[in-house]
Amino acid sequence: MYKSLDKKGKTVMRINAIISGLIILIITGAVAIPTYLNIDSPFWQTIIIISAGLITLSVILDILLFPKIRYNRYKYLITDERIEVKKGLFLITTSIIQIKRVQKIELSNGPIDRIFNLSNVNIFTAAGTVDIKFLNNKEAQEISDKVNELLKNKLEKKHEN
């Protein structure tokens, strides 16, 4: 059965969106306002206003709506044979890793994650990395321990044969 992320993950997604959104809006304002004031063409002034409005709308959606959609679509499953992660906003991606292909597992968290006691599980294979984000610290550690135990069991069975 698929599991969902910690509910605090939605809050962390919003905080991350606010921080990046503020940076985008500051840069947009720093470019758009002087450009608007120095252009005499009403056509280009309109283009600048529309562009700034669309950027602002995008930031607002990224803060208010998109975290809820991402949270609802982000699911993961861990069995004895595989790890499966489904995520996405408009395009839903499903990543499947066979346990025997796992090379390394990392637990990571940023400063905002630490405030909310959340961690990410980063699972590495030769083909790339799959992340399970926004897990409470205890659950992230349990996943790491479980995958390590499954790997250990696979190796022991392989050596017995």
Side-chain angles (χ1 to χ4, degrees), residues 1-28 31 51-161:
M1 183 167 148
Y2 284 94
K3 293 186 177 181
S4 296
L5 309 178
D6 190 293
K7 291 183 180 186
K8 294 181 278 186
K10 218 184 316 183
T11 303
V12 173
M13 287 183 212
R14 282 202 171 97
I15 291 170
N16 290 336
I18 288 168
I19 292 168
S20 61
L22 285 173
I23 292 167
I24 290 168
L25 291 176
I26 289 168
I27 293 169
T28 300
V31 171
S51 298
L54 289 173
I55 291 169
T56 303
L57 177 63
S58 172
V59 167
I60 291 169
L61 289 174
D62 199 33
I63 293 168
L64 299 178
L65 180 62
F66 296 163
K68 182 177 181 181
I69 295 170
R70 283 189 185 106
Y71 175 81
N72 289 335
R73 292 187 178 168
Y74 206 129
K75 309 269 185 238
Y76 69 95
L77 172 71
I78 300 174
T79 68
D80 291 348
E81 299 296 321
R82 73 183 193 282
I83 300 166
E84 200 169 315
V85 179
K86 292 183 179 188
K87 60 184 176 180
L89 180 61
F90 299 114
L91 177 68
I92 298 173
T93 304
T94 301
S95 300
I96 301 171
I97 297 176
Q98 294 179 356
I99 293 291
K100 64 184 178 184
R101 303 283 184 220
V102 174
Q103 293 180 340
K104 178 177 141 181
I105 299 172
E106 273 182 358
L107 297 178
S108 65
N109 54 19
I112 298 169
D113 296 326
R114 284 191 292 275
I115 292 169
F116 289 90
N117 296 313
L118 298 177
S119 291
N120 304 319
V121 176
N122 310 306
I123 304 161
F124 296 85
T125 69
T129 307
V130 172
D131 302 321
I132 306 173
K133 297 183 176 188
F134 308 114
L135 300 168
N136 70 55
N137 291 336
K138 182 182 176 196
E139 188 173 3
Q141 187 63 54
E142 287 171 358
I143 289 172
S144 175
D145 293 343
K146 179 179 180 178
V147 173
N148 279 322
E149 187 65 30
L150 289 169
L151 279 172
K152 181 180 171 186
N153 291 342
K154 294 273 184 208
L155 286 173
E156 288 173 359
K157 285 181 184 176
K158 186 176 180 180
H159 289 293
E160 288 174 3
N161 296 333

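Ion pairing between a basic and an acidic side chain is recognised when a charged N comes within 4.0 Å of a carboxylate O; R70 and D62 show such pairing.
How far CD of E149 is from CG of L151: 9.5 Å, rounded to the nearest 0.5 Å. Distance check: L61 CG to L57 CG gives 4.5 Å after rounding to the nearest 0.5 Å. Between K100 atom NZ and N153 atom CG the span is 15.0 Å, to the nearest 0.5 Å. Atom CG of N136 and atom CG of N117 lie 8.5 Å apart (nearest 0.5 Å). Taking CD1 of I55 as the start and CD1 of I60 as the end, the distance is 12.5 Å to the nearest 0.5 Å. Rounded to the nearest 0.5 Å, atoms CD (E139) and CD1 (I132) are 8.5 Å apart.
K86 and T93 form no side-chain donor-acceptor contact under 3.5 Å, judged by distance and modelled atom types alone.
Partner of V59 under the side-chain contact (heavy atoms from CB on, under 4.5 Å) criterion, chosen from L25, L54, L22: L25.
Across all non-hydrogen atoms, the minimal contact from I78 to K146 is O-NZ, 3.4 Å. Taking each heavy atom of G9 and F134 in turn, the nearest pair found is CA-CB, 3.7 Å. When all heavy atoms of S108 and N122 are compared, the closest pair comes out as OG-ND2, 2.9 Å. Nearest heavy atom pair, residue K10 against residue K68, reads CD-CA, 4.0 Å. Across S119 and N137, no two heavy atoms sit closer than the pair OG-OD1, 2.6 Å. Between D131 and V85, the shortest heavy-atom distance links the atoms O-CG1, 3.8 Å.
Here the side chains of L107 and V121 are in contact, with some heavy-atom distance below 4.5 Å. Put simply, the side chain of K75 reaches to within 4.5 Å of the side chain of S4, judged on heavy atoms.
Proximity of a side-chain donor or acceptor of Y74 to a complementary backbone N or O of K133 within less than 3.5 Å is detected. With D113 contributing its side chain and G110 its backbone, the two residues share a donor-acceptor pair below 3.5 Å. Under a 3.5 Å cut-off, the side chain of Y76 and the backbone N or O of I83 do not form any donor-acceptor pair. Although no hydrogens or angles enter the test, the distance criterion places a donor-acceptor pair under 3.5 Å between the side chain of R14 and the main chain of I63. A donor-acceptor pair is defined here as one N or O able to donate and one able to accept, closer than 3.5 Å; no such pair exists between the side chain of R101 and the backbone of A126.
Remark: K8 is not positioned above the aromatic ring of F116, lacking an NZ or CZ atom under 6.0 angstrom from the ring centre and at most 45 degrees off the axis.
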